[in-house]
Amino acid sequence: MPSAADEAMSASRVLVIAGSARHGSLNQQLAAVAVRELEQAGAAVTPVDLRALALPIYDADIEARGMPEGARTLRRLFAEHEALILVTPEYNGFPTPLLINALDWASRPVPEDGLPSGPAAMSGTVAGLLSASPGGLGGLRSLLFTRQFLQMNLGMLIVPEQFGLGSADKAFDAAGVLIDPKAHAAVVKVVQSVLRTAVAMKPPPAV
């Protein structure tokens, strides 16, 4: 019989976002590993395709003409989910422009139609960070900046556990499974920490 903690974790709603949209992305493959682990734990998982949001480079003049629908969609997704697994490659030591631009847009919508503002929707989201790179460091430098950006600017709660998958071009088998059990265990550790923390952050039920 599942414990109360297991049942609470299975009720968690988690976004999974990859900071790379290119075909064959190593970070999308790592995100897929996280998705499988979340689903195995019983969480409700929503993968987000940043390219499909069709967001232009942030421009205040574009915003003045009307908020892009992709920005509203991303704000709504954050409002509907309490947790996030973010998997981003490293571009010159930083997270990708695709990711930062999407989060910049998501922070712009004002409260409307029963939804909070962008910042309010993202604030308090429990997030875990992963990265993948063909290099030896696995994109860890980008995670330092990603952690600061999400925490300081967007008010998210980032779990201490994180993982950078080095030599990622050789890390997956033909089925997209991580070959190294230690690498797989590191992903599981991040996923479980996010689920446990999301449960702990939920308000107690009304009496």
Side-chain angles (χ1 to χ4, degrees), residues 9 12-55 70 73-74 77-78 80-91 94-103 106 122 125-135 137-147 149-150 154 156-159 161-195 197-198:
M9 288 172 66
S12 296
R13 297 162 298 179
V14 187
L15 294 175
V16 177
I17 298 177
S20 173
R22 71 173 182 84
H23 178 71
S25 164
L26 297 170
N27 284 268
Q28 286 193 21
Q29 291 181 64
L30 188 58
V33 174
V35 167
R36 290 193 292 270
E37 291 303 321
L38 287 163
E39 290 177 341
Q40 187 172 339
V45 186
T46 304
V48 179
D49 180 354
L50 293 182
R51 180 179 286 175
L53 295 175
L55 289 167
T73 296
L74 194 53
L77 287 170
F78 273 108
E80 293 173 349
H81 295 74
E82 58 261 24
L84 165 70
I85 296 290
L86 185 59
V87 192
T88 180
E90 179 179 289
Y91 281 19
F94 284 85
T96 64
L98 174 69
L99 172 63
I100 296 301
N101 184 62
L103 293 175
M122 288 186 280
T125 298
V126 177
L129 304 181
L130 301 170
S131 64
S133 169
L137 294 178
L140 282 174
R141 291 183 301 172
S142 72
L143 295 188
L144 297 175
F145 294 104
T146 304
R147 179 177 293 272
F149 176 64
L150 298 182
L154 303 179
M156 297 188 192
L157 176 62
I158 318 302
V159 300
E161 296 82 359
Q162 63 181 31
F163 176 58
L165 178 65
S167 302
D169 54 328
K170 305 178 184 68
F172 300 93
D173 66 14
V177 175
L178 284 168
I179 297 169
D180 183 358
K182 292 182 179 179
H184 182 262
V187 174
V188 172
K189 187 175 182 180
V190 174
V191 166
Q192 290 181 343
S193 180
V194 167
L195 292 176
T197 306

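Since the model is a prediction, treat every value here as computed from it, not as a measurement.
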Any donor and acceptor pair, going by atom type alone, linking the side chain of Thr197 with main-chain N or O of Val194 inside 3.5 Å? no

Heavy-atom pair of closest approach, residues Val48 and Ile17: CB-CG1, 3.7 Å

Find out whether Leu86 and Leu99 are in side-chain contact, i.e. whether some heavy atom of one side chain is under 4.5 Å from a heavy atom of the other. yes

Gln28 and Arg22: side-chain donor and acceptor closer than 3.5 Å? no

Would you check, one step at a time, whether the test side chain to side chain contact (heavy atoms under 4.5 Å, CB included) holds for Ile85 with Leu15? CA-CA 6 Å; Ile85 296 290; Leu15 294 175; over 6 Å; no

What I'd like to find out is whether the side chain of Leu53 reaches to under 4.5 Å of the side chain of Asp49, using heavy atoms alone. no

Quickly, which of Pro134, Pro89, Ser133, Ser167 forms a side-chain contact (heavy atoms from CB on, under 4.5 Å) with Leu26? Name it, please. Pro134

Tell me, do Leu154 and Phe149 make a side-chain contact under 4.5 Å, heavy atoms counted? yes

Are Val126 and Leu84 side-chain neighbours, meaning at least one heavy-atom pair lies under 4.5 Å? no

Side chains of His81 and Thr46: any donor to acceptor distance under 3.5 Å? yes

For residues Leu74 and Ala102, report the shortest heavy-atom separation together with the two atoms involved. CD2-O, 3.5 Å

Mark yes or no for whether Asn27, through its side chain, and Ala18, through its backbone, hold a donor-acceptor pair below 3.5 Å. no

Please check if the side chain of Thr125 supplies one atom and the backbone of Met122 the other of a donor-acceptor pair under 3.5 Å. yes

Do Leu130 and Leu165 make a side-chain contact, defined as non-hydrogen atoms from C-beta onward lying under 4.5 Å apart? no

Would you give the length of the straight line joining atom CD of Glu37 to atom CD of Gln40, rounded to the nearest 0.5 angstrom? 5.0 Å

Any chance you could measure Phe163, atom CZ, to His184, atom NE2, to the nearest 0.5 Å? 11.0 Å

With the threshold set at 4.0 Å, does a side-chain nitrogen-carboxylate oxygen contact exist between Lys189 and Glu161? no

Check: Arg13 main-chain N/O paired with Glu82 side-chain donor or acceptor under 3.5 Å: yes

Between Leu143 and Thr88 the two heavy atoms that sit nearest each other are CD2-CG2, 4.0 Å

Within a strict 4.5 Å, meaning less than it, do heavy atoms of the Leu195 and Val14 side chains meet? yes

Find out whether Leu150 and Leu157 are in side-chain contact, i.e. whether some heavy atom of one side chain is under 4.5 Å from a heavy atom of the other. no

Closest non-hydrogen contact found for Ser193 with Val159 is OG-CB, 3.4 Å

So Arg147 and Gln162, side chain to side chain contact (heavy atoms under 4.5 Å, CB included) or not? Walk me through it. CA-CA 10 Å; Arg147 179 177 293 272; Gln162 63 181 31; 2.9 Å; yes

Where the side chain of Ser25 meets the backbone of Ala21, is there a donor-acceptor pair that is under 3.5 Å apart? no

What closest approach, in Å, do Glu90 and Leu140 show between heavy atoms, and which atom pair accounts for it? OE1-N, 3.9 Å

With a 4.5 Å cut-off on side-chain heavy atoms, are Phe78 and Leu103 touching? yes

Hey, does the side chain of Arg141 reach the backbone of Phe94 with a donor-acceptor pair shorter than 3.5 angstrom? no

Identify the two heavy atoms, one from Gly19 and one from Leu50, that lie closest to each other, and give their separation to 0.1 Å. CA-CD1, 4.4 Å

Value for CG (Leu55) from CG (Leu98), rounded to nearest 0.5 Å, stands at 8.5 Å

Quick check: does any side chain N or O of Ser131 sit under 3.5 Å from a backbone N or O of Gly138, one acting as donor and the other as acceptor? yes

